[in-house]
Every structure is written in structure tokens, then in C-alpha cells.
Undergrad: 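Mind having a look at this structure? Questions to follow.
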Protein chains: 2
Amino acid sequence: MNHDDEKPDRRKRRTRALLRQALMALIVEKGFDAISVQDITDRADVSRATFYLHYADKEELLTRSMREVYDELVETAEKQLDDEVFAAALLHGDHSTFYDATDFQHVVEHEEFYRVLLSEKGVAAFTVMVRDYLAKLVQEQVCLPVSAGGTAARLPPEMVAHAVAGAEIGVISWWLNQGRHHTPEDMAKMFYQLNAFGFWWAMGLDIPAPTANPDPGAPG
Amino acid sequence: MNHDDEKPDRRKRRTRALLRQALMALIVEKGFDAISVQDITDRADVSRATFYLHYADKEELLTRSMREVYDELVETAEKQLDDEVFAAALLHGDHSTFYDATDFQHVVEHEEFYRVLLSEKGVAAFTVMVRDYLAKLVQEQVCLPVSAGGTAARLPPEMVAHAVAGAEIGVISWWLNQGRHHTPEDMAKMFYQLNAFGFWWAMGLDIPAPTANPDPGAPG
DNA sequence: ACGATAATGGACAGTGTGTAGATTATCTCT
DNA sequence: AGAGATAATCTACACACTGTCCATTATCGT
């Protein structure tokens with residue numbers, strides 16, 4: 001009846017860590033699909049039977065690993081954001097609150113993991129899971145408070161949230177593949193500025209005058 | 001020595017179409033990894049031996065299908081963009097040129113394909129391939145011309161390009177999963193506006209004043 | 001209608017899968 | 001340090017999937 005709530009036996013921890021490392025290395029080399037359980041246990045130097053003592057199949061190994069990193073991201077993000085501070089910041093136009101580097105920090109702490117799983121050899125489920133979560137975060141933490149302030153959105157908030165989330169994934173991928181030439185703080189600031197001031201500003205041009213334009217969306 | 005340049009036999013076309021359809025349907029149901037060649041041929045109602053007459057393995061079936069859609073996207077995009085028209089538009093501040101719905105149009109024409117392959121059950125390689133291409137497009141067609149005009153970018157153009165590309169993927173996924181409640185033209189316009197005027201504008205607020213801020217990037 | 005080409009059915013060895021039981025090695029706890 | 005618990009290993013097994021082959025049948029283009 002031990003639900004693994006307690007910290008597991010050292011042997012268990014060791015074996016699981018070895019298996020996860022092996023999986024990551026192999027994903028880089030061949031991509032997830034091409035990997036056999038044999039490959040993983042060979043690489044981890046662990047008996048194949050042992051693998052099945054821990055996981056039903058290689059999908060479960062992957063999924064469990066993903067979940068751990070994901071859960072940590074969620075926990076990190078929830079801890080950081082404080083609705084009241086946030087709402088106040090909005091009202092007073094103090095946007096520096098949004099230079100929030102927690103996400104990028106978290107990525108650095110799991111750099112290898114993100115680099116592999118977000119890559120072309122990676123796993124679509126991971127990308128989508130993270131992107132959807134980020135979108136939800138943006139929507140709940142930014143879009144909703146703004147709307148609650150009585151402001152009418154000019155574009156569908158859901159779309160905006162998914163755009164921002166997608167952009168963050170794109171930026172993170174670029175960042176990790178460039179060898180991380182920027183600090184998480186730099187990234188957070190640049191990412192905020194791009195979102196806030198727009199593309200043309202980022203490229204050094206004047207901010208264009210928005211054409212008077214009501215929300216073309218939200219039909220049905 | 002027939003290089004398949006010529007239109008293949010009707011039987012070939014039929015079989016390949018059936019196999020591709022079957023693959024797509026099965027990806028939705030179980031995800032690519034869980035599919036066996038047997039599954040595909042059963043679903044397509046084709047002999048397993050026949051499969052191997054056309055493709056070495058299921059990866060090749062997927063890859064070839066992806067390439068076709070991707071190549072069509074590339075062809076479409078290249079045809080649309082005309083550097084000179086584009087540069088002129090930039091100089092004269094006529095941004096309506098950028099309400100370019102070709103991408104979104106192309107997605108509609110392969111709706112099922114995109115919905116499946118960009119989903120969590122989909123294929124990371126496809127997402128990354130498309131995203132990288134879009135980034136390259138933005139960089140070459142927009143960032144470069146702007147820089148050539150003598151303007152100094154405030155953020156690394158590569159980062160900006162990858163952000164825009166990521167955002168487009170995010171927006172497309174959202175669009176397809178919502179049941180496509182907007183026309184491609186709407187999408188193109190909204191997407192442009194979000195990029196140009198920024199997040200706060202989209203949410204109905206005033207555009208914030210950019211803090212005077214030189215490029216924090218491009219170290220090394 | 002004829003020659004060319006594709007599709008089929010069946011069989012093959014090879015590889016990976018997931019399970020089980022008996023045995024050995026290593027942990028935890030006192 | 002030693003006893004009892006638990007994990008890891010080894011071996012073997014039945015099963016599914018793979019990729020290839022060949023002889024035969026069906027369908028194509030002209």
C-alpha cells in the first residue's frame with residue numbers, strides 16, 4: 001500500500017534516473033520512435049526486466065518524466081504570480097512586473113530536457129502541453145484581469161493568449177539552439193517588450209498608427 | 001528508369017492516397033508511434049505487401065506526405081511575396097500588404113493534415129519544420145529589408161522572427177481547434193495587427209510608452 | 001486484346017515486447 | 001553489524017510486428 005509518497009529506495013531512484021538519462025540521450029540520437037526498451041536499458045546499464053519493474057513501456061517513462069518537469073513549471077509559475085500585485089500593476093501602468101523571468105529560469109534549470117523535447121526529434125505532446133499551459137496562464141493572469149477592468153478587447157483574447165504562448169515556445173527554442181547567449185532576465189525583458197510594443201518597434205521603426213478597428217472576431 | 005516524374009498509374013495513386021488517409025486517421029486515434037504497418041494497411045484495405053511496394057516503412061509514408069504539404073506551402077509563399085512591392089510598401093508605410101492570407105489559406109486547404117500533425121498526437125518534426133520555415137520567411141522578407149533600410153533593430157531580429165513564427169503556429173492550432181470560426185482573411189488581419197500594435201492594444205488598452213531602450217542582445 | 005505493371009496471399013527469419021519465477025545484491029532500520 | 005524487506009538480475013517464453021521474397025491474380029494504358 002506504499003503509494004510512493006515516501007521518498008523511494010536509493011536503488012529505485014538510481015535506476016529511474018539512469019533510465020531517464022538514457023532516454024534523453026537516445027532521443028537526441030534517434031528520436032523517440034526509433035528507440036527500443038532494449039536500447040534504453042543497454043544505455044542505462046540496467047537489466048531489461050528491471051525496466052518493466054518501473055514502467056509499463058517506454059511511453060510511460062517519457063510521460064512520467066515530462067510530467068515531473070511540467071508540474072514543476074506549473075508550481076513555479078503559480079507561486080510567482082500574485083493576482084493582487086498584478087492587478088495593481090496593471091492599473092498603475094507599471095509593467096515592470098511583467099519582466100518575469102521565472103519561466104525562462106525554469107527552462108535553464110532543465111535545459112537539456114527542453115532542448116531535446118522541443119526539437120524536431122522531440123515529442124509533440126510536450127510542446128503542446130507546455131504551450132497550452134502558457135496560453136491558459138496568459139489568459140487567466142492577464143486577459144481576464146484586463147477584461148475585468150471593463151476594457152473591451154480588440155482581438156479575441158483566446159487568440160492573443162495562444163499567440164503569446166506560441167511565441168514563447170518559438171523564442172525558447174531559438175534561445176536554446178543558439179547556445180543561450182542571453183540571460184533569462186534578458187529574455188524575459190525582450191519578450192515582454194516585443195509583445196508590448198510590437199514587431200515594428202522591435203525592428204527599430206516607429207510604432208505604426210493603429211487603424212481604427214473593432215474586433216473582427218468572436219462570431220458564432 | 002522511370003523517375004516518377006510522369007503521373008503514376010491509377011492503381012499507384014489510389015493505393016498511396018488510401019495509405020495516406022489511413023495514416024492520418026490513425027494518428028488521430030492513437031498517435032504516430034503506436035501505429036503498425038498492419039494497422040495502416042488494414043484501415044486502407046490494402047495488402048501489407050503492397051505497402052512495402054511503395055514505402056520502406058511508416059516513417060517514409062509520413063515524411064513523404066509531410067514534404068508534399070510543406071513544399072506546397074513553400075511554393076505558395078514564395079510566389080506570393082514580391083520583394084520590390086514589399087520594400088515599397090514598407091517605405092510608404094502601407095502595411096496593408098501584410099494582411100497576407102496565403103499562409104492561412106493554405107492551412108485551410110490542408111486542414112485535416114495540419115490539425116492532426118500540429119496536435120499533441122502529432123509529429124514534432126512537422127511543427128518544427130513549418131515553424132523554422134516561417135521564421136526564415138519573416139527574417140528574409142521583413143527583417144532584412146528593414147535593416148537594409150538603415151534601421152537598427154532594438155531586439156535581435158532572429159529572436160523576433162522566431163517569436164512571430166511561433167505565434168503563427170500557436171494561432172493556427174487555436175484556430176483549427178476552435179472549429180475555424182474565422183476566415184483566413186480575418187486571421188491574417190488579426191495576426192498582423194497583434195504583431196504590429198502589440199499585446200496591450202489587442203486587449204483594448206492604450207499602447208504603452210516604450211522605455212528608451214537599446215538592444216540588450218547580440219552579445220558574444 | 002495484349003503486354004506491362006500493380007496488388008495479393010502466404011511464408012520466412014529476425015527483432016522487440018511484456019510477463020513470470022527463481023536467485024542474488026543492496027538497501028533501511030534498529 | 002545483522003535481519004528482514006525490497007530491488008535488480010537472469011533466463012525463458014509466447015506473442016506481435018517487421019521487412020523481404022515469390023508465385024499468382026487483377027488492373028492499367030494504349
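Within every chain, numbering begins at 1; the chains are lettered A, B, ... in the order of the sequence lines, protein sequences first and strands thereafter.
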Undergrad: With sugar-phosphate meaning primed atoms plus P, OP1 and OP2, does A/Arg13 contact a base, only sugar-phosphate, or nothing at under 4.0 Å between heavy atoms?
TA: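 Since only primed, P, OP1 and OP2 atoms lie under 4.0 Å of A/Arg13, the category is sugar-phosphate.
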Undergrad: What is the distance, rounded to the nearest whole Å, between atom CD of A/Glu60 and atom C1' of C/dT17?
TA: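 About 15 Å, once rounded to whole Å.
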Undergrad: In this structure, how many angstroms lie between the C1' atom of C/dA25 and the NZ atom of A/Lys12, rounded?
TA: 16 Å
Undergrad: By nearest heavy atom, map B/Asp39 and A/Arg14 onto DNA chain D; which one lands nearer the 5' end?
TA: A/Arg14
Undergrad: On DNA chain D, does the nearest nucleotide to B/Gln38 precede the nearest nucleotide to B/Arg11 from the 5' side, or the other way round? Give the residue.
TA: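 Result: B/Gln38.
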Undergrad: Does D/dA7 have OP1 or OP2 under 4.0 Å away from a side-chain N or O of A/His54?
TA: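 No.
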Undergrad: Could you tell me how the ring of A/Phe113 sits relative to the ring of A/Phe126: parallel (under 30°), tilted (30 to 60°) or perpendicular (over 60°)?
TA: perpendicular
Undergrad: Please check the phosphate of C/dA6 (OP1 and OP2 only) for any side-chain N or O of B/Thr15 closer than 4.0 Å.
TA: no
Undergrad: Whole Å only: how far is the CZ atom of B/Phe51 from the C1' atom of D/dT20?
TA: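 After rounding, the reported distance stands at 14 Å.
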Undergrad: Is it the case that atom CG in A/Asp45 sees more than 12 heavy atoms from other parts of the structure closer than 6.0 Å?
TA: no
Undergrad: D/dA16, OP1 or OP2 - any side-chain N/O from B/Ser36 closer than 4.0 Å?
TA: no
Undergrad: Take the protein atom CG of B/Asp33 and the nucleotide atom P of D/dC17, then report the distance between them rounded to whole Å.
TA: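 Going from B/Asp33 (CG) to D/dC17 (P), I get 15 Å.
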Undergrad: Atom CG of B/Leu53 to atom P of D/dC22: distance rounded to whole Å?
TA: 14 Å
Undergrad: Quick one: do A/His110 and A/Glu72 satisfy side chain to side chain donor-acceptor pair (under 3.5 Å)? Show the steps, please.
TA: CA-CA 10 Å; A/His110 301 274; A/Glu72 197 188 308; 3.1 Å; yes
Undergrad: For a quick check of understanding: with a heavy-atom distance under 4.0 Å over all strands, which category does B/Thr50 fall into, base, sugar-phosphate or nothing?
TA: base
Undergrad: Please report the distance, rounded to the nearest Å, between CG in B/Asp9 and C1' in C/dA6.
TA: 7 Å
Undergrad: Which listed nucleotide (C/dG18, C/dA6, D/dT9) is nearest to the side chain of A/Val37?
TA: C/dG18
Undergrad: Rounded to whole angstrom units, what separation is found between the NZ atom of B/Lys7 and the P atom of C/dA6?
TA: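 Rounding to the nearest Å, NZ of B/Lys7 and P of C/dA6 are 16 Å apart.
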Undergrad: Using 4.0 Å as the upper bound for N to carboxylate O, is an ion pair formed by B/Arg14 and B/Asp9?
TA: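 The answer is no: the pair does not qualify as a salt bridge.
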Undergrad: Given the ring of B/Phe32, does B/Lys58 sit roughly above its face, with NZ or CZ under 6.0 Å from the centre of the six-membered ring and within 45° of the axis?
TA: yes
Undergrad: Confirm from the modelled atom types if A/Arg10 and C/dT28 form a donor-acceptor pair under 3.5 Å, side chain to base only.
TA: no
Undergrad: Is the phosphate of C/dG18 approached by A/Tyr52 (side-chain N or O, under 4.0 Å from OP1 or OP2)?
TA: yes
Undergrad: Is the base of D/dG19 touched by the side chain of B/Arg48 through a donor-acceptor pair closer than 3.5 angstrom?
TA: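 Counting by modelled atom types and ignoring angles, a donor-acceptor contact under 3.5 Å is found here.
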Undergrad: Specify the separation, in whole Å, of atom CD1 of A/Ile40 and atom P of C/dG16.
TA: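 Between P of C/dG16 and CD1 of A/Ile40: 12 Å.
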